[in-house]
Amino acid sequence: PMKPVKRCAAATALLLAMVACTDRGLPRESPSSMPAAGTASAETDPRPAPAWMCGAPPAARETAPALAVANARAGTAGADARGLAAILVPHDDLRVPPETPLGARAAADDRQSLERTARWWSAGAVFRWHEVARELTARHHLNSSHSSRMFAALAVAQHDAALAAHRRLEDPSPAALNAVIAHASTVVLGEIFPSERRFLEQNALAHVASSAGFAESDAGRGRAIGTSVGERVVARLRNDGAAGAREPRVPQQPGKWYSKKQTLPGWSRVRPWVMQSADQFRAPPPPSPGSAEFMLALEEVRRYSAGRSAEHLAIAAYWNLGVGGISVPGMWGARALQDARAAGWPELRTARLMAVLHMAMFDACIASWETKYHYLVPRPSMMAADIDEPLGLPPHPSYTSGHSAFSGAAEAVLSAAFPALAAEFSALAEEASASRFFGGIHYRFDGDQGLIQGRKAGALALERHPLL
């Protein structure tokens, strides 16, 4: 039988209420309640010094900060300051358009806005820029595969930027560290979301200007380093093969999965971060359609579909984070940041966790997609018309489950980072996997093997890039 996922009635009711939220199931706090991020330097950590993840960036010349930074820091009523204050007032969902003017507000109002902005950003540069990325993921309807690519690039850029700040500035000020992370994030996110570049650049300026102990020299050095690192990661993105992942389409074949719409049949051609090849963790052959083992698995899906409980539907809906949601990688990333912030981790340590986590999830996605289009296992409803999918049917093969691959990778990395929470991460990964079974779109063996793929990718990422 399917592994049980236990929830009390009250928790299930709360879950149903949270399904419509942008960051589903994640706690929201007011900006004033956010503790400031840790500021310990890498040099105080007794463990081995971390290595670059995208290669050492070239030496960058210091550039003069934009006038808007100085104006915003001073709280003046100039046009640049008013524009910056309008970006983050702050709003938790970040849906304030960058064009929104403050009009003729007094300088005092500008200062109050900037103070609120400073409190918002004080939760941490890595923390907040990932929140921006999750919002853009939902706003621009990225699917989980593309979002995993974006989050991995963002996290690697943040890590290498923070590492560069510690190595080149020795003991970087908060403003300098914020600047390198902000500008590295802006360059990467601007590549993925080109229509948001103005929004991102102005947020970067507001972020840096709101830093404690702000100095123009910090902003200039940080901008140069962060931009250099971001451009290096973008260069990798432009040559990673993702642009051609919509091809080649698979033809219709007897007993095989087929759909007129096919999601990323060439995703196995995308360059991974830690795996040597896309098929490194290919899952073993699944039960053959029509075999006794396959028919038992199909009957299990049919049985759950016919008697789907409200609890199972709630679990399926909670994890249904595809197009229009923050994505499964976004959900796991938010949980990682929550735990790192609660533990008081400094920026570099947090950035490294996020990089290892998202590289693992991205590679797990590649492994899952390679397996999907290698075996072309039909979805349950393609084999039994009476199986329904209340949350829709994804247009890609069944085996293995992408949700499970993402979650197995996250479980492996986060359990290594927070051993005391390992049992909780395991339960969450099992729930994420079961959610797709409960939704009628996967066999149980899809989830089981997807979790294994993800855990292997997570273990490899940890081996290649040990946590701090």
Within residues 401-411 or reaching into it, pairs that qualify as salt bridge (charged side-chain N to carboxylate O under 4.0 Å, His left out) - sequence neighbours excluded: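 Found E411-R455.
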Heavy-atom side-chain contact between [X] and [Y] under 4.5 Å:
| X | Y | value |
| --- | --- | --- |
| N143 | T263 | yes |
| T186 | L189 | no |
| L136 | I192 | no |
| R238 | E191 | yes |
| H396 | Y373 | yes |
| V229 | V180 | no |
| E431 | Y318 | yes |
| F151 | L357 | no |

Can you tell me how far apart [atom1] ([X]) and [atom2] ([Y]) are? Round to the nearest 0.5 Å.
| X | Y | atom1 | atom2 | value |
| --- | --- | --- | --- | --- |
| L177 | H166 | CG | NE2 | 5.0 Å |
| L313 | S435 | CG | OG | 11.0 Å |
| K456 | M275 | NZ | CE | 11.5 Å |
| L264 | E247 | CG | CD | 11.0 Å |
| S268 | K372 | OG | NZ | 13.0 Å |
| R464 | M53 | CZ | CE | 10.0 Å |

Does [X] reach the main-chain N or O of [Y] with its side chain, forming a donor-acceptor pair under 3.5 Å?
| X | Y | value |
| --- | --- | --- |
| N320 | A316 | no |
| S407 | S404 | no |
| S433 | A429 | no |
| Q449 | Y399 | no |
| R128 | W121 | no |
| T371 | A367 | yes |
| R352 | P466 | yes |
| E370 | D279 | no |
| S426 | A423 | no |

Provide the closest heavy-atom pair for [X] versus [Y] in the form atom of the first, atom of the second, distance.
| X | Y | answer |
| --- | --- | --- |
| I366 | A278 | CG2-CB, 3.7 Å |
| F362 | V270 | CZ-CG1, 3.6 Å |
| C365 | S145 | SG-OG, 3.4 Å |
| S401 | H442 | CA-CE1, 3.5 Å |
| V156 | C54 | CG1-CB, 3.9 Å |
| G330 | R134 | O-CD, 3.4 Å |

Should the pair R436 and F406 be classed as cation-pi, given the thresholds of under 6.0 Å to the six-membered ring centre and 45° from the axis?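 Judged by the rule, R436 and F406 form no cation-pi pair.
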Where do H183 and V208 land on the side-chain contact (heavy atoms from CB on, under 4.5 Å) test, with the steps shown first? CA-CA 9 Å; H183 289 292; V208 177; 4.3 Å; yes
Give the C-alpha distance, both sets of side-chain angles, the deciding distance and a yes or no for side-chain contact (heavy atoms from CB on, under 4.5 Å) between V132 and L200. CA-CA 9 Å; V132 172; L200 293 163; 4.0 Å; yes
Looking at W345 versus F127, is the centre-to-centre ring distance below 6.0 Å?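 No - the distance between ring centres of W345 and F127 does not fall below the 6.0 Å cut-off.
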What do you reckon, are the aromatic ring centroids of H130 and H358 less than 6.0 Å apart?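 Judged by ring-centre distance (under 6.0 Å), H130 and H358 do meet the cut-off.
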With sequence neighbours left out, what residues match H140 under side chain to side chain donor-acceptor pair (under 3.5 Å)?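 H140 satisfies side chain to side chain donor-acceptor pair (under 3.5 Å) with E196 only.
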Between R198 and E201, is there a salt bridge with N-O shorter than 4.0 Å?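 Between R198 and E201 there is no salt bridge, as every charged N stays at least 4.0 Å from the carboxylate O atoms.
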Between R149 and D240, does any NZ, NE, NH1 or NH2 come within less than 4.0 Å of an OD or OE carboxylate oxygen?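 Yes, charged N to carboxylate O under 4.0 Å.
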Verdict with reasoning, L428 to L414, per side-chain contact (heavy atoms from CB on, under 4.5 Å): CA-CA 11 Å; L428 283 171; L414 295 183; over 6 Å; no
Donor + acceptor pair across side chains of W129, H207 (<3.5 Å):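 Side-chain D/A pair, W129 to H207: present.
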Working note: L421 + D339, criterion side-chain contact (heavy atoms from CB on, under 4.5 Å); need CA distance, chi angles, decisive distance, verdict. CA-CA 10 Å; L421 299 175; D339 291 329; 3.9 Å; yes
Does R197 have more than 12 heavy atoms from other residues, nucleotides or ligands lying within 6.0 Å of its CZ?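 Above 12, so yes.
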Parallel, tilted or perpendicular: rings of F438 and H312 (30°, 60°):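 Geometry flag for F438 against H312: parallel rings.
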